[in-house]
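Right, one structure below, let's go through it.
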2 protein chains.
Amino acid sequence: MTIDKVDTKNKIQDVAERLIVQGGYGAFSFRDIAEEVGIKSASVHYHYPTKGDLAAAVMVRYTEVFSRRLPDPNDETLNPNTMLNGFIDGFKAKIVDHHNMSLCTMLTADKHRLPEAVSTALADFYQVKLEWLTQVFMRFEPSLEDQAKIQSIQFLAALHGASVLVQATDNAEFFEKAMSCWRKAHI
Amino acid sequence: MTIDKVDTKNKIQDVAERLIVQGGYGAFSFRDIAEEVGIKSASVHYHYPTKGDLAAAVMVRYTEVFSRRLPDPNDETLNPNTMLNGFIDGFKAKIVDHHNMSLCTMLTADKHRLPEAVSTALADFYQVKLEWLTQVFMRFEPSLEDQAKIQSIQFLAALHGASVLVQATDNAEFFEKAMSCWRKAHI
DNA sequence: TTTCACCTACCAAGTGATAGATAGATTATT
DNA sequence: AATAATCTATCTATCACTTGGTAGGTGAAA
């Protein structure tokens, strides 16, 4: 695979990701993407035969990039509270501050009309997040895995719910208020 | 306004509401609605000139019906914990158990392409919920309105976030786990 | 006779997807 | 080294279909 091809594929995914974030699965079209990338829509089909292929690729890449950025939850030099705060801050900076909802929330809303490859990639992404959070919460009570799992669910629900509230009401203050119970003193 | 007209308008709203819940703002078309109601798409336009008019009407009706069903938060014969549990149960029965997300979450995801009337109606709906919840939380500590407001935000975020998690992963257990910290003993 | 609630018949724009052509690069064969 | 075959990434052109919306007609009710 040539550099050019990788480049074009990445550009296509970049635009697709942005359009999905802005309007969901229904709001990105091969023509819109083609125009922004500077090719024709048939060429987008060359790289990603169907809409589902492209959306699934975007979701998979998103998960990979996301995973790579997460610190090792068992790194003893890192305070678990610092990691949780970082997780919240990252979400806020990337999503809430841009007056958007996350790629995964957008695709979740479109679940009913998602090709299977996309909803599988979507479920995988949530699994990655929950597993990481569980590891972090276990740092507080290493013996209580079940409790850590429940905490990770509550934490993630709060985060996503907070972004819904902010987006629906245009009131950014709701974010910190919703997350305040999870923000604890750290180093 | 004749009974017939009211009837048709209601039927149109019923179908529109269901289609929005299933696929968001982009997933309901005048033709689909017309077919289910048993009229032609031009006739749907007769009742609701534009798509935005119809969606706004659906959102307003939804808020009205919802408000009417809420018990008086200051009714001394009702335990506030019972009311909170009822709120959670109602959400679960209407939305989560049907493998759907709520009308408001779906429209929130489409916020960027919503006509203004719709997003106004949407924000109003969240306001209604937050105000009711605040009243209920104040029953515990009548003097701490600010704390009650924050609790209502956290509660609502948890509820909406929980439904996102369930929908994305197809794992219904996440709902009760996410809400467990809000379910308290009552009568 | 006017209003109501519906109709038929459109329109322009946009959708995902396909067929087939082409210029240039790569690879295989002589 | 020269030629032939193949592959790559793009193009043009088009298909069948859906979308929100409109113009103008029709029969029944007020």
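Chain A is the first sequence line, chain B the second, and so forth, proteins listed ahead of strands; every chain is numbered from 1.
- Protein atom CD of B/Glu35 is 13 Å distant from nucleotide atom C1' of D/dT18, rounded to whole Å.
- Residues A/Leu107 and A/Leu114 are in side-chain contact: their nearest non-hydrogen atoms beyond the backbone lie under 4.5 Å apart.
- The main-chain N or O of A/Thr169 is never found under 3.5 Å from a side-chain atom of B/Lys111 such that the two would form a donor-acceptor pair.
- Atom P of nucleotide C/dG14 and atom CD1 of A/Ile33 are separated by 16 Å, given to the nearest angstrom.
- Rounded to whole Å, the distance from CG on A/Leu19 to P on C/dG16 is 11 Å.
- A salt bridge links B/Arg61 with B/Glu17: at least one charged nitrogen is closer than 4.0 Å to a carboxylate oxygen.
- Contact check on A/Arg183 versus A/Asp89 returns a salt bridge, with a Lys/Arg side-chain nitrogen under 4.0 Å from an Asp/Glu carboxylate oxygen.
- Contact between the side-chain N/O atoms of A/Tyr46 and the OP1/OP2 oxygens of D/dA9 is found at a separation under 4.0 Å.
- By the 4.0 Å N-to-carboxylate-O rule, B/Arg18 lies too far from B/Asp32 to be salt-bridged with it.
- Salt bridge A/Asp110/A/Arg113: present, at least one basic N to carboxylate O contact under 4.0 Å.
- The NZ-P distance, from B/Lys11 to C/dA5, rounds to 14 Å in whole Å.
- Summarising the geometry, the separation between NE2 on B/His47 and P on C/dC4 is reported as 12 Å, rounded to the nearest angstrom.
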Quick test: give all pairs of protein nitrogen or oxygen and nucleotides 18-21 of chain C nitrogen or oxygen below 3.5 Å, distance rounded to 0.1 Å.
none

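- Atom NZ in B/Lys40 sits about 18 Å away from atom P in D/dT26, given to the nearest Å.
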Scan the side chains in residues 90-97 of chain A for donor-acceptor partners under 3.5 Å anywhere in the protein, sequence neighbours excluded, and list what turns up.
unit_1: A/Lys92; atom_1: NZ; unit_2: A/Asp97; atom_2: OD1; d: 3.3

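- In this structure, the nucleotide among D/dT10, C/dA5, C/dC7 sitting nearest to the side chain of B/Ser43 is C/dC7.
- A salt bridge is absent between A/Arg31 and A/Glu35; no separation between the charged side-chain nitrogens and carboxylate oxygens falls under 4.0 Å.
- A/Tyr48 places its OH atom 18 Å from the C1' atom of C/dA17, with the value rounded to the nearest Å.
- Residue contacts shown for B/Lys51 are limited to sugar-phosphate atoms, with no base heavy atom under 4.0 Å away.
- Shown for residues 24-32 of chain B: residues whose heavy atoms fall under 4.0 angstrom of DNA chain C, namely B/Arg31.
- Computed from coordinates, the A/Arg113 CZ to C/dT15 P distance equals 13 Å when rounded to whole Å.
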| request: Could you give me the CA-CA distance, side-chain angles and deciding distance for B/His112 and B/Tyr25, then say whether ring-ring contact (aromatic ring centres under 6.0 Å, His included) is met? | output: CA-CA 11 Å; B/His112 289 301; B/Tyr25 187 74; over 10 Å; no
